[in-house]
Amino acid sequence: MGRDRDRVDFQIHHLRNNLGNHQRSVITAFLEHRFTLLKNKLDITPGVSFNYYSDFGSNFLPGIDVGVDVWNGLKAYGNAGLTYRIPTYTDLYYTSPVELGNPDLLPEKAFTYEAGLKYTQSGWNFQAGYFVRNGRDMIDWLLVDTSLWQPRNFRELNISGVEFNADWFPRYQLGKAFPIQKIHLGYVNLYSDFAEDSPASRYA
């Protein structure tokens, strides 16, 4: 019936440098189970992660992966889940002549989903997919005046895109003596609803 997997981590992050003196305790736990159906042609893997941060509280993040064997090495896949990222110490506290951290930042939250196809056969791997990330309180460094950058939360920031990856393993056809192990080609096209009249941004 597939596999179980779970993990629990406990960490204490202590920082003392030019960012200041800060400490953060982190507890994470992760659980998933893979179900295989239809003579192993369909696999469904639901999961959930738990995160606790001493300075930002706790949350549960569910997700699910689905894969279907279509034909002779061709597989359709899809996944969806919630993601969460707390601000880094750099985002919160860093200062320089042109940068100023923001201790009032909120964690990022996003719902991400993706669908695509994978093909694996005779030393070749191909993958093509479409993905969407609907984010809230996304963190980005903005130019708040002519010379000062500061991180701020976007109320909403949605990103979508298509990606394509191709891998060739020449030793599969040409033998282990061939000097190149892998050749990779990748392409990603992103679209963001970041408004053109917004302040200058480092990432969005």
Side-chain angles (χ1 to χ4, degrees), residues 1-9 11 13 26 28-49 51 61-91 94 108 110-135 138-141 157-194 201-204:
M1 194 65 167
R3 71 179 190 278
D4 293 301
R5 189 172 73 188
D6 57 81
R7 186 182 69 244
V8 177
D9 298 314
Q11 306 169 45
H13 298 167
V26 182
T28 63
F30 180 80
L31 175 66
E32 71 173 20
H33 185 85
R34 182 171 181 261
F35 299 91
T36 56
L37 306 168
L38 303 178
K39 297 182 179 180
N40 295 329
K41 291 185 177 296
L42 171 66
D43 61 84
I44 302 173
T45 308
V48 63
S49 64
N51 299 312
L61 303 172
I64 188 169
D65 294 281
V66 178
V68 181
D69 289 329
V70 180
W71 173 79
N72 195 24
L74 180 64
K75 185 171 186 175
Y77 69 90
N79 57 71
L82 296 177
T83 61
Y84 179 88
R85 186 180 78 86
I86 63 171
T88 66
Y89 285 128
T90 300
D91 294 330
Y94 185 74
E108 295 182 348
F111 177 67
T112 303
Y113 50 97
E114 179 182 12
L117 295 170
K118 295 180 180 180
Y119 178 75
T120 302
Q121 196 67 262
S122 302
W124 291 91
N125 291 337
F126 297 97
Q127 181 261 328
Y130 174 77
F131 57 90
V132 176
R133 186 170 191 254
N134 296 325
M138 307 301 290
I139 299 170
D140 198 354
W141 288 75
L157 181 63
N158 301 315
I159 298 174
S160 60
V162 294
E163 62 176 340
F164 172 80
N165 293 286
D167 297 306
W168 179 43
F169 300 88
R171 293 178 181 177
Y172 189 91
Q173 289 96 5
L174 305 178
K176 294 182 179 180
F178 193 77
I180 298 175
Q181 180 177 353
K182 175 182 175 181
I183 296 176
H184 173 78
L185 173 67
Y187 171 80
V188 178
N189 183 28
L190 296 176
Y191 171 77
S192 168
D193 63 1
F194 182 72
S201 159
R202 284 187 176 174
Y203 309 119

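As a basis for the values below, the full set of heavy atoms in this structure was taken, side chains included, without hydrogen atoms, waters or symmetry mates.
N40 pairs by the side-chain contact (heavy atoms from CB on, under 4.5 Å) definition with T36, not counting sequence neighbours. Residues passing the salt bridge (charged side-chain N to carboxylate O under 4.0 Å, His left out) test with K41: none are found, sequence neighbours excluded.
Taking CD1 from I64 and OG1 from T45, the interatomic distance works out to 8.0 Å, rounded to the nearest 0.5 Å. Distance CG/L157 to CG/D140: 8.0 Å, rounded to 0.5 Å. The CZ atom of F30 sits 10.5 Å away from the CG atom of L61 when rounded to the nearest 0.5 Å. Here the straight-line distance linking atom CG of N134 with atom OG1 of T112 works out to 7.5 Å at 0.5 Å rounding.
Put simply, the side chain of T88 reaches to within 4.5 Å of the side chain of R85, judged on heavy atoms. When side chains are defined from C-beta on, E108 does not count as touching T83, because their heavy atoms never get closer than 4.5 Å. Taking 4.5 Å as the limit, some side-chain heavy atom of K182 sits within range of a side-chain heavy atom of D167. Proximity of F131 to L190: side-chain heavy atoms (C-beta onward) are separated by under 4.5 Å at one or more points. In this structure, the side chains of N158 and S192 stay at 4.5 Å or more apart for every pair of heavy atoms. Contact annotation: the side chain of F164 never approaches that of N189 to less than 4.5 Å [non-hydrogen atoms, C-beta and beyond]. Looking at F35 and P46, their side chains come closer than 4.5 Å, going by heavy atoms from C-beta outward.
Under the 3.5 Å distance criterion, with hydrogens and angles disregarded, a donor-acceptor pair is assigned to the side chains of D91 and W141. For the residue pair N51 / T28, no side-chain donor-acceptor distance below 3.5 Å is found, with atom types taken as modelled.
Scanning both residues, N165 and G186, for their nearest heavy atoms gives OD1-CA, 3.7 Å. The two residues Y130 and S160 make their nearest non-hydrogen contact at OH-CB, 3.7 Å. Nearest approach of G135 to A110, heavy atoms of both residues: CA-CB, 3.9 Å. Considering every non-hydrogen atom in both V70 and A76, the closest pair reads CG2-N, 3.8 Å.
Between W168 and F178, the two ring planes are tilted [angle within 30° to 60°]. Using bins of under 30°, 30° to 60° and over 60° for the plane-to-plane angle, the ring pair Y113/F111 lands in the tilted bin.
Applying the side chain to side chain donor-acceptor pair (under 3.5 Å) test to pairs two or more places apart or on separate chains, those with a residue in residues 61-77 are D43-K75, N72-Q121, Y77-E114, Y77-Q127.
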Chi angles and distances behind the side chain to side chain contact (heavy atoms under 4.5 Å, CB included) call for Q181, K176: CA-CA 8 Å; Q181 180 177 353; K176 294 182 179 180; over 6 Å; no

